[in-house]
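Quick notes on the structure that follows.
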Amino acid sequence: MFGKIKKPAILLVAICMIVSMMPRPPLSVFAETEGTGTAEDPYQITTEAELKEISGDRGRHYKLMNDIVLTEEWTPIFSFGGTLDGNGKTISGLNVSSTKTSNGFIESLASGGVVKDLTVYGSVTCLNTGNCGGENGTGGIVGRNGGTITGCEFHGTVSQRQGDNMCVAGIAGYNAGVISDCKNYGDITGISTGGSYDAVYVGGITGSNHGTVEISKCANYGTIFGSVPNTNTYVGEIWGSNSWEYQGAYVGGITGDTKESNAPKDCSNEGAVVGENANAEAVALKGITSPKNITLSAPVSKAEL
């Protein structure tokens, strides 16, 4: 009745039936949001679900349109190379607890990546017990910065209480990029339990600054604490040491250590900066306001502080 059906037509029908039965990946959440991801028309982030969908791809642009409260433990954005415009908004409820060597709201900010005008409230904890590699880090905004961070603030806690050769800070644990006009209000703790280096690099803005452009116009208001099981402490109002060294606690209001040629410019510190020669837990340091730079020898009681 229908006549003969040619083989190519039968093959085409079969292919269509197979494709129709294949599982389809869900549409990106950005398929239903405003923006196209360009600099002129960035993706508009309004919800936690949209924030989770941020991709690390270079050239993509995102903009927060309102404050966002995170309700679940956060998985850091990996190797972000795009632009995230915080638009003066706040992300609160950040909760990161990981054994990775780099941790933060963003795990690693790649060269060309930008985070600007963003305020973050929360807690970032590194549980790594080994050698963290020196060029990795744990930070409130970014673990390792190779891009640009400007106009950002962190409030909360950043800590690493075990492991070795670690960089811990409020904005970026390790800096190999640009940081400007940023403020830390968080309490930052780095405690080495011993290893091949017996070292910690702890600061309000970055733990270790080896960027190509210096940190500028930044301020710290939080308590900065570093402890190692050896006798070396390098404690300073702005930086703990201006050379790359090992074996010790390098603790500074802005950075634990820095290249002398890239030392922070136009920065200030209003927080307590404490280095301890001990393998001990940090005591309650929030009440310390003066002197700002002190070195302790264990054991130390709260009364002595």
Donor-acceptor pairs are to be reported for all side-chain atoms of residues 109-124 against protein atoms at under 3.5 Å, with residues two or more places apart or in another chain.
| from | atom 1 | to | atom 2 | distance (Å) |
| --- | --- | --- | --- | --- |
| Ser123 | OG | Thr157 | OG1 | 3.3 |

Notebook entry, point to check: How would you list, by chain and number, every residue that makes a salt bridge (Lys or Arg N to Asp or Glu O under 4.0 Å) with Asp41, sequence neighbours excluded?
Noted result: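 With neighbours one apart ignored, the set is empty.
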Note to self: Show every salt bridge (Lys or Arg N to Asp or Glu O under 4.0 Å) that has at least one partner inside residues 79-101, sequence neighbours left out.
What the structure shows: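 For residues 79-101: Lys100-Glu107.
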From [atom1] ([X]) to [atom2] ([Y]), nearest 0.5 Å:
X      : Y      : atom1 : atom2 : result
Asn103 : Ser108 : CG    : OG    : 11.5 Å
Glu153 : Ile141 : CD    : CD1   : 9.0 Å
Thr125 : Asn95  : OG1   : CG    : 7.5 Å
Phe225 : Ile188 : CZ    : CD1   : 13.0 Å
Met166 : Asn128 : CE    : CG    : 8.0 Å
His155 : Lys183 : NE2   : NZ    : 9.0 Å

Shortest non-hydrogen contact from [X] to [Y]?
X      : Y      : answer
Ala249 : Val228 : N-CG2, 3.6 Å
Gly204 : Asn220 : CA-OD1, 3.6 Å
Tyr234 : Asn232 : CE1-CB, 3.9 Å
Ala172 : Thr206 : O-OG1, 2.8 Å
Tyr250 : Ser241 : CD2-CB, 3.6 Å
Ala39  : His61  : N-CD2, 3.5 Å

Check: Can you tell if the side chain of Cys218 reaches within under 4.5 Å of the side chain of Ile179, non-hydrogen atoms only?
Finding: yes
Check: Side chains of Cys182 and Ile149: does their closest heavy-atom pair fall under 4.5 Å?
Finding: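 Touching, per the 4.5 Å side-chain cut-off.
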Notebook entry, point to check: Of Glu53, Glu50, Glu34, which is the lone residue that meets side-chain contact (heavy atoms from CB on, under 4.5 Å) with Ile45?
Noted result: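 Checked Glu53, Glu50, Glu34 against Ile45; only one passes side-chain contact (heavy atoms from CB on, under 4.5 Å): Glu50.
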Next item on the list: Step by step, work out the side-chain contact (heavy atoms from CB on, under 4.5 Å) result for Ile224 and Asn184.
Entry: CA-CA 10 Å; Ile224 314 302; Asn184 171 61; 4.1 Å; yes
Hey, does the side chain of [X] reach the backbone of [Y] with a donor-acceptor pair shorter than 3.5 angstrom?
X      : Y      : answer
Arg161 : Thr189 : no
Gln247 : Tyr197 : yes
Ser98  : Cys126 : no
Asn262 : Glu214 : no

Next item on the list: Quick one: which residue pairs count as a ring pair (Phe, Tyr, Trp, His ring centres under 6.0 Å) with a foot in residues 132-154, not counting sequence neighbours?
Entry: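 Applying ring pair (Phe, Tyr, Trp, His ring centres under 6.0 Å) to every pair that reaches into residues 132-154, excluding sequence neighbours, yields nothing.
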Next item on the list: Give the C-alpha distance, both sets of side-chain angles, the deciding distance and a yes or no for side-chain hydrogen bond (donor to acceptor under 3.5 Å, both in side chains) between Thr258 and Asn209.
Entry: CA-CA 5 Å; Thr258 181; Asn209 177 41; 3.0 Å; yes
Tell me which donor-acceptor pairs under 3.5 Å the side chains of residues 64-75 have, and how far apart each pair is, sequence neighbours excluded?
| from | atom 1 | to | atom 2 | distance (Å) |
| --- | --- | --- | --- | --- |
| Asn66 | ND2 | Thr46 | O | 3.0 |
| Asp67 | OD1 | Thr90 | N | 2.9 |
| Thr71 | OG1 | Glu48 | OE1 | 2.8 |
| Thr71 | OG1 | Glu48 | OE2 | 3.4 |
| Glu72 | OE1 | Lys52 | NZ | 2.6 |
| Trp74 | NE1 | Phe105 | O | 2.9 |

Note to self: Could you list the cluster mates of Leu127? Members are the ILVMFWY residues connected by side-chain heavy atoms closer than 4.5 Å, either directly or through other members.
What the structure shows: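 Cluster partners of Leu127: none, it stands alone.
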Notebook entry, point to check: Between Thr150 and Ser180, does a side-chain hydrogen bond (donor to acceptor under 3.5 Å, both in side chains) hold up when you go through it step by step?
Noted result: CA-CA 5 Å; Thr150 183; Ser180 64; 3.0 Å; yes
Margin query: Using the rule side chain to side chain donor-acceptor pair (under 3.5 Å), only one of Asp164, Asn165, Thr101 pairs with Asn131; which is it?
Written below: Asn165
Item checked: Thr255, Asp257, Asn175 screened by side chain to side chain donor-acceptor pair (under 3.5 Å) with Ser208, the one that passes -> Asp257
Margin query: I'd like to know if Tyr185 and Val96 are part of one continuous hydrophobic network [Ile/Leu/Val/Met/Phe/Trp/Tyr, side-chain heavy atoms within less than 4.5 Å].
Written below: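 Different clusters: Val96 never reaches Tyr185 through Ile, Leu, Val, Met, Phe, Trp or Tyr contacts under 4.5 Å.
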